[in-house]
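The chains referred to below are lettered A, B, ... by the order of the sequence lines, with proteins before strands, and numbering in each begins at 1. The structure presented is a predicted model; accordingly, all values stated were derived computationally and were not measured. Reckoned from all heavy atoms, side chains included, excluding hydrogens, waters and symmetry mates.
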Amino acid sequence: MAELVFDDVTITYHPPGRDPVEAVKGVSLTVPAGGSLGVAGESGSGKSTLAMAVLRLLPRSATLTGRVSVGGHDVQDLSWGKLRALRWSEASIVFQGAMHSLNPVRRVGEQIVEALELHVKDDYATEKAREQRMRDLLAQVDLDRSKETSFPHELSGGQRQRVMIAMALACDPDLVIADEPTTALDVIVQDQVLRILRKLVAERGIALLFISHDLSVLASTCDRIAVMRDGVVVEEGPSHEVVTNPTHDYTATLARAFPTIGDPTSRLRPATRVVEEAAPADDPAQGGIPVAPQANPDERPILAADNVTVRFHTRAGTVTAVDDVSLQCRTGEIVALVGQSGSGKTTLARTLLGLHRADSGRVLFDGAPLPASPKELRPFRRSVQLVLQDPSSALNPRHSIYEAVAEGIRIHHLPGDERERVERALDQAELRPAAQFTSALPHELSGGQRQRVVIAGALALEPRFLVADEPVASLDASVRGEILGLMLRLKRRLGLGALVITHDLGLAWNIADRVLVMYRGAIVEEGTVEQVLLDPQHDYTKKLLAAVPQLA
Amino acid sequence: MTSAPRSSSRATSATSARRRAAAGRVWREFRSSRSGLVGLVVLLVIVLLAILAPVLAPARLLDVTQIDNPINHPPTWSLPLGTDPSGRSVLVTLLWGARVSLLVGVVATLLSMVIGTVVGMAVGHYSGWGAAVLMRVVDFFLVLPSLVLAIVLSAVLARGVWTIILAIGVTSWASTARLVRSQTLTIESRPYIERAWALGAGHRTVIGRHVLPAVLPLVLANTTLTVGSAIIAESTLSFLGLGDTTKPSWGSMLKVALDSGAATGGFWWFVLPPGLAIVVVVLCFTLVGRALESVINPTLRGR
């Protein structure tokens, strides 16, 4: 049994050539053996730095004062050998970026066995025992046995994250540190992972330090929650109390960021950092009003799929990613396409955009089939734009904001003053004053600002429709509401339609007019948001809704 | 109408200002590598000496009919590196040899880099049977003993410096192509390339605006590293008697040393200088290349 104690911990980074940065300031927290503590906070709040300190994984440029102890031993005083023994076999860590934490050239089964080999415990001394253990672990995280011979790139993000969790559990640790383990996962897998972690805490009595930006995830998993901001713990207490009765404004903001499905106050009104700014309900230009103009169902759809099927040919055989899907999208309407990872929603989006070829069926743009030649595709490319999930990788790091936004204008040789068009697009994406951003490079902006730049790059072409693939999945909770609010306002002001692909049902509740539920490549349920989310008919939709973590 | 060009020139000047700032940053980081700086300084001195060779040592000093030095004479104050079997001053020959060796090294490398970059980007960017065939061509050049091919080429074509350059250039580009191809593949898997496609970009935009700028720093670092091996290749070909016999190069000096028995006769002053010159220049290029590489790829620092 291991108790984790942070006693007045301050961690300072000393980047070469710059002023030292205090990432964690005087934090005192305790995770009792068999207990669980959730740490909430946005990027830059120092919560990951805190997690790294437990296993002494901080870079050399960081200094730590105060005391971090695991099971009564001060981590700073441990010898190298003792520290190695502590890492993994007593305390293990699940990182958020599963793609980068797995070895890309080895099969995942081997990598789990490797963790067992490196920290041999008497229980798994033989190869056979280790393989058996590996299969048990995969079963625990609900991965099919056939996946053990897969390479990481052959698995979806959620599957990779489950492999990481299986590895972390491999040596029966007493303390598990989970750093945003479910952030990239869809609700169903997230629910499974949370169940596993809850079970481990309850049955085996491990101590859990759980880091997340999503209070509802923490509330459903942890006994206590600590909220961090700028390196300081602003609030700490029993989970239920923190989320239902927050004493600090910041906690309240975090709690509001994810809507409760069915709550009319959040319908078509995503939460923003400053409430007054985005919800003047009587000003139609500001959006966020329930009385949104409905798209005319008789209008010809701008983008439609007509019995589209897409297959992939892999080593394991043919996979049907999109199975006979038909859908219609109109301008002035936001359609949410929900489903868990691997349901084929991204493939469907790529096919709708003409980036992937359908094996059968047709994609219709303005009623005509999508042309094949790049030249004939130009008008389509101008009218239908893509917004990607991760804004930091969707912008060329070498290009200034000006160049990123002007890229489409140059490609399409739009007439008129380029700078004027760029500044207008930035202004429409609510990056104001636009001139202040043009010369900046993407890494100088925050995640939310970067996503606005991506949206501005799309708006510069005066499109009629946006396809957004998880537009807020990699953004902080408070920024999430702002980007969603922006999309709503664009719909109102410019009549822009959007197909939003997401695994987040709360997002659909926040902004969408219609919802399509996709399961194993097929659309299983379709209707208005209220119909589908409040009165689901299909079993899968019910399952999705049941898996959404609730605050209270 | 007047505003459009002005604003685009404003954008260009902002871009060029950033390029200048980036170049300044590269230079500051390069300067922090002492070995790279030493290599650069020595290299600049050698290049300067090679350029000034006609001034420092007029061409007539190489004309056997116009000099009256003793042959195979050990170093003295007036002939600091002694004389060769024809009575020419070794120092003068070395200076003039630097011109040929550096010219061949640099131009052959440029040729090899251009071929390698174009082919590498084409193979990485396009898919289909054309790219597959081109890739096999790259593999062919990769496994081909390049020295043998270079010998054949310089034997078939007319003798001269440019033949040597061509022979080295067309035999050494394959590894660059491989390198550029893998970098191209890395860049093209980034989401911003997908964004560019969705914006309606064609092949030219994707390659010109995104792939080439990302590949160039790598090519630059690779260039300085390849110059060294091109100089060695030139020396090898000259040593084998395939070079231009009318112009001295460091390789042909070594060949003369072997042919005239200087190497076995104990005339060390004729054998060592060209050999050491090759070593120093190649080392300098390598030092500069390594320093550039670590500027581009900071993870290599301290290795």
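Looking only at distances, no side-chain donor or acceptor of B:E194 sits under 3.5 Å from a matching main-chain atom of B:R190. For A:Q449 (side chain) and A:S446 (main-chain N/O), a donor-acceptor pair under 3.5 Å exists by modelled atom type.
Proximity to chain B is limited to the side chain of A:L355, based on heavy atoms less than 4.5 angstrom apart. Looking at A:R350, only its side chain comes within 4.5 Å of chain B, counting heavy atoms on both sides. For a residue to count as touching a neighbouring chain, one of its non-hydrogen atoms must lie under 4.5 Å from one of that chain's; by this rule A:V384 touches chain B with the backbone only. Residue contact with chain A, scored on non-hydrogen atoms closer than 4.5 Å, is absent for B:R204.
Of all residues in residues 458-473 of chain A, those placing a non-hydrogen atom less than 4.5 angstrom from a non-hydrogen atom of chain B are A:L461.
Contact annotation: the side chain of A:Y402 approaches that of A:E418 to within less than 4.5 Å [non-hydrogen atoms, C-beta and beyond].
Atom CZ of A:R357 sits in a sparse spot, with 12 or fewer heavy atoms from other residues, nucleotides or ligands closer than 6.0 Å.
A salt bridge is defined here as a Lys NZ or Arg NE, NH1 or NH2 lying under 4.0 Å from an Asp or Glu carboxylate O, and A:D427 with A:R424 fails to meet this definition.
Relative ring orientation between A:F312 and A:H356 is described as perpendicular, the plane-to-plane angle rising above 60° on a 0-90° scale split at 30° and 60°.
Ring-centre distance between B:W197 and B:H203: below the 6.0 Å cut-off.
Remark: the B:S32 side chain and the B:E29 side chain contain no N/O donor-acceptor pair separated by less than 3.5 Å.
Counting heavy-atom pairs closer than 4.5 Å to chain B, the top residue among A:L377, A:N396, A:L353, A:I411 is A:N396.
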